[in-house]
Peer 1: 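A single structure is presented below for examination.
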Amino acid sequence: MSKFYVTTPIYYVNDAPHIGHAYTTILADVLARFHRNAGDQVFFLTGLDEHGQKVMQAAQKRGMTPQAHCDDLAPRFTNLWTKLDIRYDDFVRTTEERHKRVVRDVLQRVFDAGDIYLNEYEGLYSVAEERFITQTEFDSGQFRDVKMLKEKNYFFKMSKYQKQLVDYIETHDDFILPIHRRNEILGFLKQPLGDLCISRPKSRMDWGIEIPFDKDYVTYVWFDALINYISIPGYLYDDAKFKQWWPADVHLIGKDILTTHSVYWTTMLFSLGLPQPKTIFAHGWWLIGDSKMSKSLGNVVNPLDLIEQHGIDAVRYYLMREMVLGSDANFTPESFIKCYNSDLANDFGNLLNRVSGLIGKNHGGIIPTLGTLTPAEEDIKARADALPKQVNAAITAFKVQEAVVAAIEFVRVLNKYMEVQAPWKLAKTDMPGAERVLATAASGLRLSATLLLPVMPDKCAQVLDILGSPDGKIKLHPPLFPRIEVET
RNA sequence: CGCGGGGUGGAGCAGCCCGGUAGCUCGCAAGGCUCAUAACCUUGAGGUCGUAGGUUCAAAUCCUGCCCCCGCAACCA
């Protein structure tokens with residue numbers, strides 16, 4: 001038995017959650033559930049990033065104080081997580097004192113260690129990005145709201161750790177995944193790394209955590225936010241807890257925030273003398289019908305709509321089944337319906353109906369016991385024995401799609417087995433044979449449901465309840481995944 | 001030389017890091033079954049894995065060149 005500490009990014013509270021937030025969080029939940037089922041001690045942390053300029057602006061626009069704005073939006077996230085069946089172990093809000101005190105302490109420590117210095121800087125500042133940009137970046141034309149700004153600020157000596165970071169990445173294969181992201185970062189690190197501006201003068205922006213050694217400044221939102229990964233497990237305040245959980249096993253992130261995690265965060269940890277997380281995993285984006293999801297295009301998918309129509313488990317299944325971790329995936333209602341009908345209705349749900357129906361009709365509703373195996377059952381059993389290992393290996397390698405596919409393929413094997421053995425025929429001539437087949441199918445279905453439990457907690461629990469145990473009585477049930485009929 | 005992603009049977013994809021007879025789902029055709037959510041099962045048609053070279057006994061997979069497609073104001077996993 002080991003421990004598993006998984007994090008999601010803490011989401012920036014300037015708007016309502018969308019499918020992207022939901023995806024990352026569901027992914028974390030699925031991994032967490034797999035590890036819990038494997039007997040691991042699990043700590044699953046998610047939460048909200050509530051400081052920074054954009055939050056302040058969003059609040060101003062609504063005529064609210066930043067805190068009131070955050071307090072208003074926070075339940076929209078937590079309520080969604082409830083609806084999505086997310087079982088996190090802790091939920092951090094960066095405006096909480098238990099987080100802020102650690103950020104202040106970290107700033108002080110890094111400062112005392114000589115890794116923070118004050119410097120006057122004049123340069124191009126992107127209001128939108130909340131940071132100074134280089135001339136090259138400005139020339140790219142990708143930044144708006146750029147103005148010349150001259151001010152004193154505190155800088156973190158990121159450059160000091162560049163070599164150490166490169167060495168670390170090169171000697172730790174699983175540190176940044178997938179591999180192409182690792183190469184991307186190594187490529188980025190071939191250029192000299194600058195230092196990171198980590199302060200904002202209150203005169204310009206005061207919605208943040210005050211820097212302990214200079215009350216005229218608050219700290220940069222990323223320097224604040226990243227620390228949640230250690231503040232919540234008790235860094236500096238609960239040694240036992242911190243020792244138990246840190247380093248994290250995986251920081252799940254979207255590919256857009258790879259640099260902040262693999263460069264900013266890692267060098268911060270070096271400065272603190274803390275071990276690095278085992279893995280930083282950057283997944284891809286959900287594209288909506290081949291284009292990026294964006295609010296201005298109006299194609300942002302609200303996960304709640306889908307859930308209301310088809311149930312949370314189907315949505316969780318689709319998201320895990322469809323995206324190869326690390327690549328982008330395409331979200332369309334059509335592909336959702338295909339995936340649902342094919343895997344869940346026709347294969348999984350239908351197999352349950354076949355098995356439970358036959359047991360009900362021919363065997364008095366009592367789930368038969370196995371009896372003597374024939375080669376056909378030996379074959380099923382061999383596959384069944386191999387399956388959990390296969391699924392666990394896939395999960396360990398962050399190949400969630402593979403794990404899900406392996407489980408559903410086994411369901412197809414069972415459907416085929418049923419077809420070949422035809423227990424509905426055997427019932428007329430060979431009752432023990434019919435029982436043997438149905439017992440095998442029921443047991444296989446229980447295994448599939450057990451393996452898919454992390455992905456579809458509710459539906460799989462229902463399957464396990466319906467099929468109970470050998471010798472038990474099946475429960476009557478409506479179709480678990482009614483087919484979605486598409487009107488043409 | 002801006003950055004990144006991608007080009008695999010009709011559609012959507014996996015495989016590529018760790019070379020070894022090209023796989024899945026959907027669709028299509030024929031057949032089977034009839035317990036089941038018009039679901040299930042079998043067989044078949046259909047691909048020189050963008051392209052030109054290279055390495056190798058062997059390349060979708062590694063290397064090099066080229067072509068084509070997509071995304072890149074803000075929001076944002």
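Proteins come first, then strands; the chains are lettered A, B, ... in the order of their sequence lines, and each starts at number 1.
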Peer 1: Determine all donor-acceptor pairs shorter than 3.5 Å in which one atom belongs to a side chain in residues 452-467 of chain A; sequence neighbours excluded.
Peer 2:
unit_1: A:D458; atom_1: OD2; unit_2: A:Q462; atom_2: NE2; d: 3.2
unit_1: A:K459; atom_1: NZ; unit_2: A:L480; atom_2: O; d: 3.0
unit_1: A:D465; atom_1: OD1; unit_2: A:K475; atom_2: NZ; d: 3.1

Peer 1: Once you apply a heavy-atom cut-off of 4.0 Å, does A:I257 come out as touching a base, just sugar-phosphate, or nothing?
Peer 2: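 The residue A:I257 makes sugar-phosphate contact but no base contact.
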Peer 1: Can you give me the closest heavy-atom contact between A:W207 and A:M56, atom names plus distance?
Peer 2: CB-SD, 3.8 Å
Peer 1: Using whole Å, what does the distance between atom P of nucleotide B:rU37 and atom CG of A:N353 come to?
Peer 2: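 That distance rounds to 6 Å.
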Peer 1: In this structure, how many angstroms lie between the C1' atom of B:rA74 and the OH atom of A:Y12, rounded?
Peer 2: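 In whole Å, B:rA74 C1' lies 14 Å from A:Y12 OH.
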Peer 1: Does B:rC72 have a Watson-Crick or wobble mate here (both distances under 3.5 Å), and if so which one?
Peer 2: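 Matched B:rC72 with B:rG2 under the 3.5 Å cut-off.
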Peer 1: In whole Å, what is the span from the CG atom of A:L258 to the P atom of B:rG4?
Peer 2: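 After rounding, the gap between these two atoms is 12 Å.
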Peer 1: Does A:A422 or A:D343 map to a spot on RNA chain B nearer the 5' end, using the closest nucleotide for each?
Peer 2: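 Nearest-nucleotide comparison on RNA chain B picks A:D343.
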Peer 1: For A:L27, which contact category applies under a 4.0 Å heavy-atom criterion: base, sugar-phosphate, or nothing?
Peer 2: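 No contact.
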Peer 1: With rounding to the closest Å, how many angstrom separate the C1' atoms on B:rC13 and B:rC49?
Peer 2: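 Those two atoms are separated by 13 Å.
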Peer 1: Whole-Å distance between B:rC13 C1' and A:M320 CE?
Peer 2: 17 Å
Peer 1: Taking the same atom, P, in B:rC17 and in B:rG53, what whole-Å distance lies between them?
Peer 2: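 The same atom, P, in both gives a distance of 23 Å.
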Peer 1: I need the CG-C1' distance between A:L344 and B:rU25, as an integer number of Å.
Peer 2: 13 Å
Peer 1: Using the P atoms only, state how far B:rG6 lies from B:rC62, rounded to an integer number of Å.
Peer 2: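 Rounded to whole Å, the distance is 12 Å.
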Peer 1: So what's B:rU55 paired with, Watson-Crick or G-U wobble, going by both distances under 3.5 Å?
Peer 2: none
Peer 1: Under 4.0 Å from OP1 or OP2 of B:rA36: is there any side-chain N or O of A:K361 that close?
Peer 2: yes
Peer 1: Give A:K399 one of three labels, base, sugar-phosphate or nothing, depending on what nucleic acid heavy atoms sit under 4.0 Å from its own.
Peer 2: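 Since a base atom lies under 4.0 Å of A:K399, the category is base.
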Peer 1: Are the ring centres of A:F398 and A:H283 closer than 6.0 Å?
Peer 2: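 No; A:H283 has its ring centre 6.0 Å or more from that of A:F398.
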Peer 1: Under 4.0 Å, counting only non-hydrogen atoms across every strand here, what does A:H180 touch: a base, just sugar-phosphate, or nothing?
Peer 2: sugar-phosphate
Peer 1: Give me the distance, rounded to whole Å, that separates B:rU42 from B:rA77 when you measure between the C1' atoms they each carry.
Peer 2: 43 Å
Peer 1: Answer yes or no: is there a donor N or O on one side and an acceptor on the other, between the side chain of A:S262 and the main chain of A:L258, under 3.5 Å?
Peer 2: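 Indeed, once roles are kept as given, a pair shorter than 3.5 Å links the two residues.
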Peer 1: Do A:H21 and A:F77 have ring centres separated by under 6.0 Å?
Peer 2: yes
Peer 1: The side chain of A:W424 lies closest to which of these nucleotides: B:rU37, B:rA77, B:rC35?
Peer 2: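 Closest nucleotide among those given: B:rC35.
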Peer 1: Rounding to the closest angstrom, what is the interatomic distance between B:rG65 and B:rG10 at atom P?
Peer 2: 30 Å
Peer 1: Would you mind classifying the nucleic acid contact of A:G357 as base, sugar-phosphate or nothing, using non-hydrogen atoms under 4.0 angstrom?
Peer 2: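 Nothing, no heavy atom under 4.0 Å.
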Peer 1: Using the test side chain to side chain donor-acceptor pair (under 3.5 Å), find all partners of A:D343 that sit at least two apart in sequence or belong to another chain.
Peer 2: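 Applying side chain to side chain donor-acceptor pair (under 3.5 Å) to A:D343 gives A:Y317, A:R321, A:R412.
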Peer 1: Is there a Watson-Crick or G-U wobble partner for B:rA36 with both distances under 3.5 Å, and which nucleotide is it?
Peer 2: none
Peer 1: Can you check whether A:K255 has a side-chain N or O nearer than 4.0 Å to OP1 or OP2 of B:rG4?
Peer 2: no
Peer 1: What about the rings of A:F91 and A:Y88, do their centers lie closer together than 6.0 Å?
Peer 2: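 A:F91 vs A:Y88: aromatic centres under 6.0 Å.
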Peer 1: Quickly work out the A:F188 CZ to B:rG2 C1' distance and round it to whole Å.
Peer 2: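 Rounded to whole Å, this separation is 14 Å.
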Peer 1: With heavy atoms under 4.0 Å as the rule, sort A:P9 into base, sugar-phosphate or nothing.
Peer 2: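 Sugar-phosphate, backbone atoms only, no base.
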Peer 1: Name the nucleic acid region contacted by A:F481, choosing base, sugar-phosphate or nothing; use a 4.0 angstrom heavy-atom cut-off, strictly under.
Peer 2: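 Base contact.
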Peer 1: Taking the six-membered ring for Trp, are A:Y229 and A:H261 closer than 6.0 Å centroid to centroid?
Peer 2: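 Centroid separation for A:Y229 and A:H261: below 6.0 Å.
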Peer 1: In whole angstrom, give me the gap between the P atoms of B:rG31 and B:rA36.
Peer 2: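 After rounding to an integer number of Å, I get 24 Å for this pair.
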Peer 1: Taking only N/O atoms, report every protein-nucleotides 38-41 of chain B pair under 3.5 Å with atom names and distance.
Peer 2:
unit_1: B:rA39; atom_1: OP1; unit_2: A:R483; atom_2: NE; d: 3.3
unit_1: B:rA39; atom_1: OP1; unit_2: A:R483; atom_2: NH2; d: 3.1
unit_1: B:rA39; atom_1: O2'; unit_2: A:N346; atom_2: O; d: 3.4
unit_1: B:rA39; atom_1: O2'; unit_2: A:N350; atom_2: ND2; d: 2.7
unit_1: B:rC40; atom_1: O2'; unit_2: A:R354; atom_2: NH1; d: 2.9
unit_1: B:rC40; atom_1: O2'; unit_2: A:E419; atom_2: OE1; d: 3.3
unit_1: B:rC40; atom_1: O2; unit_2: A:E419; atom_2: OE1; d: 3.1
unit_1: B:rC40; atom_1: O2; unit_2: A:E419; atom_2: OE2; d: 3.4

Peer 1: Need one value for A:K425: base, sugar-phosphate or nothing, where a base atom within 4.0 Å counts as base even if backbone is also close, heavy atoms only.
Peer 2: sugar-phosphate
Peer 1: Quick one: does A:W81's side chain have a donor or acceptor within less than 3.5 Å of a partner on A:A22's backbone?
Peer 2: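 Not a single qualifying donor-acceptor pair exists.
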Peer 1: Between B:rG7 and B:rU43, how many Å separate the two C1' atoms, rounded to a whole number?
Peer 2: 32 Å
Peer 1: Give me the distance, rounded to whole Å, that separates B:rG27 from B:rC67 when you measure between the C1' atoms they each carry.
Peer 2: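 It comes out at 31 Å once rounded to the nearest Å.
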Peer 1: Do A:R93 and A:D71 sit within salt-bridge range, that is, some charged N less than 4.0 Å from a carboxylate O?
Peer 2: yes
Peer 1: How many whole angstroms separate atom CG of A:L352 from atom P of B:rA36?
Peer 2: 14 Å
Peer 1: Send over the distance from A:I185 CD1 to B:rC17 P, rounded to a whole Å.
Peer 2: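 Rounded to the whole Å, the gap is 22 Å.
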